[in-house]
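The structure under discussion appears below in the form of structure tokens.
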Amino acid sequence: MNWTTEILRSGIAVDVASDDRGTLGVPGTWHRVRQGSTILLTTRNRGDALRRFQHLAFRTSGA
């Protein structure tokens with residue numbers, strides 16, 4: 001399973017993987033949010049992952 005990553009300079013990343021073989025338990029698309037090497041969220045729900053990613057990016061930017 002290969003993760004596709006979008007990462008910010010702050011080290012916050014959102015990863016997406018297509019898990020056709022069920023490596024994570026349930027086949028389908030998985031989304032992962034991480035800060036550096038720490039995984040903060042792994043979910044099948046894209047909306048949850050994007051909300052967490054945006055919240056962390058906003059908080060880290062100091063805005």
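These numbers were taken from a predicted model, which means no experiment stands behind them.
If you check the side chains of Thr43 and Asn45, you find no donor sitting under 3.5 Å from an acceptor.
Ile7 CD1 to Arg9 CZ: the interatomic distance, rounded to the nearest 0.5 Å, is 12.0 Å. The CZ atom of Phe53 sits 6.5 Å away from the CD atom of Glu6 when rounded to the nearest 0.5 Å. Atom CG of Leu50 and atom NE2 of His55 lie 14.5 Å apart (nearest 0.5 Å).
Panel note: side chain Thr60, backbone Leu56; a donor-acceptor pair is recorded below 3.5 Å.
For Gly25 against Asp19, the heavy-atom pair with the smallest separation is N-OD2, 4.3 Å. For the pair Ile12 and Ala57, the tightest heavy-atom approach, listed with the atom from each and the gap, is CD1-N, 3.7 Å. Taking each heavy atom of Arg52 and Leu40 in turn, the nearest pair found is NH1-O, 3.6 Å. Nearest approach of Ala49 to Leu41, heavy atoms of both residues: CA-CD2, 3.9 Å.
Within the structure, salt bridge (charged side-chain N to carboxylate O under 4.0 Å, His left out) contacts touching residues 33-46 (residues at least two apart or in different chains) are Asp15-Arg34.
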Step-by-step side-chain contact (heavy atoms from CB on, under 4.5 Å) determination, Val16 to Trp3: CA-CA 5 Å; Val16 179; Trp3 292 90; 5.6 Å; no
